[in-house]
Amino acid sequence: MSLQLSPAAEPGKYGLVIHGGAGTYSREREKEYLDGLNAALDAGYAVLDQGGTSVEAVVAAVKSLEDNPTFNAGCGAVLNSEGFCELDSAVMDGQTLAAGAVAGVQHIRNPITLAVDVMKRSPHVLLAGEGAEHFAFGLGYEKMPREYFITPRRKEQWERERAKKSGASRGNIAGEEKFWGTVGCVALDRQGNLAAGTSTGGLTNKMLGRVGDSPLIGAGTYANNATCAVSATGQGEFFIRTVATHDIAARIAYRGASLSTATAEVIAEVEKLGGTGGVIAINRAGEIAMPYNTDAMCRAYRLSDGQRATQVFADRSHSK
């Protein structure tokens, strides 16, 4: 079977797509989500606009989202079954297929930065838990206290989830948010190179040591100049089982599928297994896709041809 390459890079075209999670969101908090997305979009685009690499743009955008307690990554991540945060992140360079990831870190302010250091400064792809943090502290990373990541909102969500598990809850609360607030970015730089990055706190009240799809290359994060760059958000177990982000690239490479078709088909495969979520993707032609099967998905994009939009709900788009 011959390899089908994605559309050729359009000279000089660049841009990025970001996400802040998929699920059921409160319309009353829409402005909060939009403000956070716009700030991250601007941070990543500024890097590309100044001639920076796609990897650098991905890191800038994801760091902005990790530092924003609105999203489930970094400060403001959800709590595990023991009441503290375990953070996962990954990055992949579409030009070289180099990748780096960390899982289960508890004291690193920006896990996406550590994922890049794993990629560039270690012989490995994935470091986990104590070993990942030992590597980080050896590089001079500051050790953040667990309390830095915990917000009152996440504590309340955790307590509510625990009450449901114990049977003490009377059921769902009207207007309650249910979302997979993983954050991610995919980017195309001026040189025609792609990159993808993803960061998350995982699932509320997850088992101690649980690792989702975000730090797993080919499941939650993937980039290859020959096809596309993809970042996923959703119920990680289903994206792992479908090897979702690599499957998108494979459908493009081996079947010649378009970016929109490949992403939609893989989300359909996730849904067949009972999973929910979405992906963002970009190719070297600057084509983008953002399919999801939940009520909403925090998403935004900005391209060098002037296109820009930020959106949470399907029925409302905000352009600048």
Please name all residues satisfying side-chain contact (heavy atoms from CB on, under 4.5 Å) with [X], sequence neighbours left out, ordered by chain then number.
X	result
Asp295	Thr24
Glu32	Arg29, Thr70
Ala300	Ile18, Leu37, Leu41, Thr310

Applying side chain to side chain donor-acceptor pair (under 3.5 Å), name anything that partners [X], two or more places apart in sequence or on another chain.
X	answer
Thr96	none
Glu28	Ser26
Ser304	none

Any donor-acceptor N/O pair, [X] side chain to [Y] backbone, under 3.5 Å:
X	Y	value
Asn68	Phe71	no
Ser199	Ala73	no
Arg190	Gly52	no
Arg299	Met297	yes
Asn38	Leu34	yes
Thr261	Ser258	no
His19	Thr182	yes
Asp93	Leu97	no

Measure the [atom1]-[atom2] distance between [X] and [Y] for me, rounded to the nearest 0.5 Å.
X	Y	atom1	atom2	result
Thr113	Lys63	OG1	NZ	4.5 Å
Leu273	Gln235	CG	CD	10.5 Å
Ile267	Tyr292	CD1	OH	11.5 Å
Gln191	Thr53	CD	OG1	8.0 Å
Ser81	Glu161	OG	CD	11.5 Å
Leu16	Leu188	CG	CG	9.5 Å

Inter- and intrachain pairs under salt bridge (Lys or Arg N to Asp or Glu O under 4.0 Å), touching residues 215-230, at least two apart
none
Once salt bridge (Lys or Arg N to Asp or Glu O under 4.0 Å) is applied, what residue pairs with a partner in residues 120-131 remain, sequence neighbours excluded?
Asp117-Arg121
Which residues pass the salt bridge (Lys or Arg N to Asp or Glu O under 4.0 Å) test with Glu265, sequence neighbours left out?
Arg251, Arg255
List in chain and number order the residues that pass salt bridge (Lys or Arg N to Asp or Glu O under 4.0 Å) with Glu133, two or more places apart in sequence or in another chain; answer none if no residue qualifies.
none
Which heavy atom of [X] sits nearest a heavy atom of [Y], and at what distance?
X	Y	value
Ala262	Ile248	CB-O, 3.7 Å
Gly277	Thr294	N-CG2, 3.7 Å
Ala289	Pro291	C-CD, 3.6 Å
Tyr25	Ala296	CD1-CB, 4.0 Å
Asn72	Ala77	OD1-CA, 3.4 Å
Gly36	Leu65	O-CD2, 4.0 Å

May I ask you to say whether Lys272 pairs ionically with Glu269, meaning some side-chain N is under 4.0 Å from a carboxylate O?
yes
Please determine whether a side-chain nitrogen of the Lys or Arg among Asp42 and Arg308 lies less than 4.0 Å from a carboxylate oxygen of the Asp or Glu.
yes
Do Ser231 and Thr198 get their side chains close enough for a donor-acceptor pair, meaning under 3.5 Å?
yes
Do you see a donor-acceptor pair shorter than 3.5 Å between the side chains of Arg154 and Gln157?
yes
Establish whether [X] and [Y] are linked, either directly or via other cluster members, by ILVMFWY side-chain heavy-atom contacts under 4.5 Å.
X	Y	result
Leu127	Leu114	yes
Val118	Ile112	no
Leu87	Phe137	yes
Phe238	Val243	no
Ile252	Met92	no

Take Val230 and Thr221 through the side chain to side chain contact (heavy atoms under 4.5 Å, CB included) test and state the conclusion after the steps.
CA-CA 6 Å; Val230 193; Thr221 307; over 6 Å; no
Validation row, ring centre Tyr141 to ring centre Phe135 under 6.0 Å:
no
Side chain to side chain, [X] and [Y], heavy atoms closer than 4.5 Å:
X	Y	value
Arg302	Leu48	no
Asn225	Arg284	yes
Tyr45	Tyr14	yes

Exercise answer: donor-acceptor pairs, residues 207-216 side-chain atoms, under 3.5 Å, sequence neighbours excluded:
unit_1, atom_1, unit_2, atom_2, d
Arg210, NE, Glu237, OE2, 2.9
Arg210, NH2, Glu237, OE1, 3.0
Arg210, NH2, Glu237, OE2, 3.3

Let me see the working for Val91 and Met119 under side chain to side chain contact (heavy atoms under 4.5 Å, CB included), right down to the final yes or no.
CA-CA 8 Å; Val91 67; Met119 177 176 72; 4.2 Å; yes
Val279/Thr233 under side chain to side chain contact (heavy atoms under 4.5 Å, CB included): CA gap, chis, key distance, verdict
CA-CA 6 Å; Val279 298; Thr233 174; over 6 Å; no
Given Asn224 and Tyr222, is the side chain to side chain contact (heavy atoms under 4.5 Å, CB included) satisfied, shown in steps?
CA-CA 7 Å; Asn224 187 331; Tyr222 192 74; 3.6 Å; yes
Identify every side-chain donor-acceptor pair in residues 103-110 under 3.5 Å, counting partners at least two apart or on other chains, and give the distances.
unit_1, atom_1, unit_2, atom_2, d
Gln106, OE1, Arg146, NE, 3.0
Gln106, OE1, Arg146, NH2, 2.7
His107, ND1, Met144, O, 2.8
Arg109, NE, Asp67, OD1, 3.2
Arg109, NE, Tyr148, OH, 3.4
Asn110, ND2, Glu66, OE1, 2.9
Asn110, ND2, Asp67, OD1, 3.2

Testing Thr204, Asn205, Ile150 one by one against Val78 for a side chain to side chain contact (heavy atoms under 4.5 Å, CB included), which residue passes?
Thr204
